[in-house]
Protein chains: 2
Amino acid sequence: MYQYQYPHPAVTVDCIIFGFDGQNLKVMLVQRKSEPFAKMWALPGAFVNEDESLESCAERVLMKEGNISGVYLEQLFTFGTPSRDPRERVISVAYMGLVKTADFELIAGNDELQIEWRDVEQVGDLAFDHNDILATAIQRIRGKIRYQPIGFELLDSKFTLPQLQQLYEAILGQSLDRRNFRKKLLSMQILKQLSEKQQNVAHKAAFYYEFDRERYEVLMKEGIYLELV
Amino acid sequence: MYQYQYPHPAVTVDCIIFGFDGQNLKVMLVQRKSEPFAKMWALPGAFVNEDESLESCAERVLMKEGNISGVYLEQLFTFGTPSRDPRERVISVAYMGLVKTADFELIAGNDELQIEWRDVEQVGDLAFDHNDILATAIQRIRGKIRYQPIGFELLDSKFTLPQLQQLYEAILGQSLDRRNFRKKLLSMQILKQLSEKQQNVAHKAAFYYEFDRERYEVLMKEGIYLELV
DNA sequence: CCAAAAGTGTTTATAGTACACCCATGC
DNA sequence: GCATGGGTGTACTATAAACACTTTTGG
């Protein structure tokens with residue numbers, strides 16, 4: 001038993017993990033085994049341990065659900081409505097993660113019946129206030145992808161420009177002009193073209209590119225403001 | 001005594017309240033009466049009550065320190081490094097507030113020796129990790145003022161364009177061209193010019209303007225993206 | 001040779017930037 | 001009449017937006 005002089009809320013970290021399958025933006029969901037909200041789908045999360053930072057807690061969740069580490073993570077928002085959990089006062093710090101789905105091995109935790117990637121447009125009613133959390137995350141990724149090179153976190157390290165454009169279109173929910181998209185992305189010089197091309201495609205093969213992180217860091221140090229789309 | 005089966009951290013809300021004195025951007029600081037960090041300056045804050053939302057807690061802090069309500073508040077970030085408070089694990093949800101200093105009556109709380117507006121450039125060492133929190137807030141306001149009409153929250157409802165420009169220059173830490181600044185702000189049509197002018201100034205009197213909130217909301221509904229500076 | 005998707009340039013419109021002089025007011 | 005700060009317009013540059021045809025590949 002843990003005793004305190006004043007009431008202390010429980011604190012969890014809930015994770016919105018976005019992935020991309022080449023067509024649509026996906027989010028990782030788990031199906032709860034126990035009450036409250038048994039059998040409902042929810043965002044993966046964990047209670048924060050006593051000596052663990054919030055970010056480490058998010059990393060622990062990723063390790064638990066998919067045996068993965070070292071991915072892009074950012075704090076999203078903290079949800080603290082007193083009634084958001086029927087058991088007790090629970091404050092949830094939400095983290096947004098961007099991963100390559102291929103690197104992830106989905107492993108349902110002990111409290112979970114299933115785990116899966118779900119299209120962000122086909123998420124039904126989630127447990128707790130997780131629909132609100134997801135909505136906040138979608139808003140964040142839509143805003144951020146325009147001026148920070150976070151899209152690359154969702155693709156393999158080698159990707160074609162049409163794949164990158166498809167990702168932007170899926171996230172923004174609108175189509176973009178191919179010529180203008182290429183012109184803009186290439187003009188910032190944060191992409192390295194490889195000599196390698198796509199193989200076995202029934203049309204002209206696209207070149208692969210890589211994100212040039214060093215070049216990007218140089219631009220950031222110079223205080224250059226990117227507007228990617 | 002409050003008992004829990006698992007350890008629960010304490011949760012506080014700390015507030016970064018920005019004000020503007022016509023020249024420089026100010027932040028509200030309180031001087032701590034007791035340990036830890038006795039006599040040091042800190043951001044005003046409070047422990048979150050059991051049945052209070054995070055936002056209500058921030059509002060309570062504002063009411064306590066300055067008997068004010070109904071001001072602009074937004075959640076900034078949650079700071080949760082395990083060692084950030086030497087007493088016990090304390091997670092702090094930071095809120096940023098923008099106020100008109102004239103509306104505020106500074107009232108030192110029971111735990112506080114003093115309370116004052118301090119120039120953001122002249123804040124020394126603060127208690128806890130409050131220098132980090134302040135740095136995050138300055139970054140946020142600098143980013144946000146470029147595309148959201150939050151500057152008006154720091155000025156009287158009637159203001160002149162040179163006053164508004166002075167505010168932008170203070171926040172961004174750079175000077176702006178007067179003609180271009182006026183052109184841009186006026187072109188978005190979110191300012192209403194009043195017939196009234198400045199009085200008793202030893203130079204040409206400037207016209208007063210008001211922020212046109214209804215017009216702004218219409219623009220937002222149309223999905224128009226403003227870039228104010 | 002056909003279908004499918006990749007690659008490519010130019011023109012036009014819009015927005016940003018740089019810059020200097022006259023005007024109104026109080027003392 | 002002088003010092004102080006308010007108000008204004010134009011030319012130039014850079015960026016954004018619109019738009020159609022040719023190329024490569026597998027089947």
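Chain naming here is simple, since letters A, B, ... match the order of the sequence lines and numbering starts at 1 in each.
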Please list, pair by pair, any protein nitrogen or oxygen found under 3.5 Å from a nitrogen or oxygen in nucleotides 13-18 of chain C.
unit_1 : atom_1 : unit_2   : atom_2 : d
C/dG16 : OP1    : B/Lys184 : NZ     : 2.9
C/dT17 : O4     : B/Lys183 : NZ     : 3.3
C/dA18 : N7     : B/Asn180 : ND2    : 3.1
C/dA18 : N6     : B/Asn180 : OD1    : 3.3
C/dA18 : N6     : B/Lys183 : NZ     : 3.3

To the nearest Å, give me how far apart [atom1] ([X]) and [atom2] ([N]) are.
X: B/Gln199; N: D/dG6; atom1: CD; atom2: P; result: 15 Å
X: B/Gln193; N: D/dG6; atom1: CD; atom2: C1'; result: 12 Å
X: A/Leu176; N: D/dA17; atom1: CG; atom2: P; result: 10 Å
X: A/Leu191; N: C/dG7; atom1: CG; atom2: P; result: 12 Å
X: A/Lys197; N: C/dA5; atom1: NZ; atom2: P; result: 18 Å
X: A/Leu186; N: C/dA6; atom1: CG; atom2: C1'; result: 13 Å
X: B/Leu164; N: D/dG7; atom1: CG; atom2: P; result: 12 Å
X: B/Gln163; N: D/dG7; atom1: CD; atom2: C1'; result: 15 Å

Query raised in the report: So does B/Lys192 have more than 12 non-hydrogen atoms from other groups sitting under 6.0 Å from NZ?
Result: yes
Query raised in the report: Would one find more than 12 heavy atoms of other residues, nucleotides or ligands at under 6.0 Å from atom NZ of B/Lys158?
Result: no
Query - DNA chain D: 5'-proximal contact among B/Arg178 and A/Lys204 (nearest heavy atom) - result: B/Arg178
Query raised in the report: Starting at the 5' end of DNA chain D, which residue's closest nucleotide do you reach first, B/His203 or B/Phe207?
Result: B/His203
**Report entry** NZ/NE/NH1/NH2 to OD/OE distance under 4.0 Å, B/Arg213 and B/Glu153
**Finding:** yes
Query raised in the report: Would you say D/dT8 has OP1 or OP2 under 4.0 Å from some side-chain N or O of B/Arg182?
Result: yes
Report all side-chain donor-acceptor pairs from residues 134-146 of chain A shorter than 3.5 Å, counting only partners two or more places apart or in another chain.
unit_1   : atom_1 : unit_2   : atom_2 : d
A/Thr136 : OG1    : A/Asp132 : O      : 2.9
A/Arg140 : NH1    : A/Glu74  : OE2    : 2.6
A/Arg140 : NH1    : A/Gln75  : O      : 3.2
A/Arg140 : NH2    : A/Leu76  : O      : 2.6
A/Arg142 : NE     : A/Ile171 : O      : 2.7
A/Lys144 : NZ     : A/Glu74  : OE1    : 2.8
A/Lys144 : NZ     : A/Glu74  : OE2    : 3.3

Query raised in the report: Rounded to the nearest 0.5 Å, what separation is found between the CD atom of B/Gln166 and the OG atom of B/Ser175?
Result: 10.5 Å
**Report entry** A/Trp117 CH2 to A/Phe18 CZ distance, which is reported to the nearest 0.5 Å
**Finding:** 10.0 Å
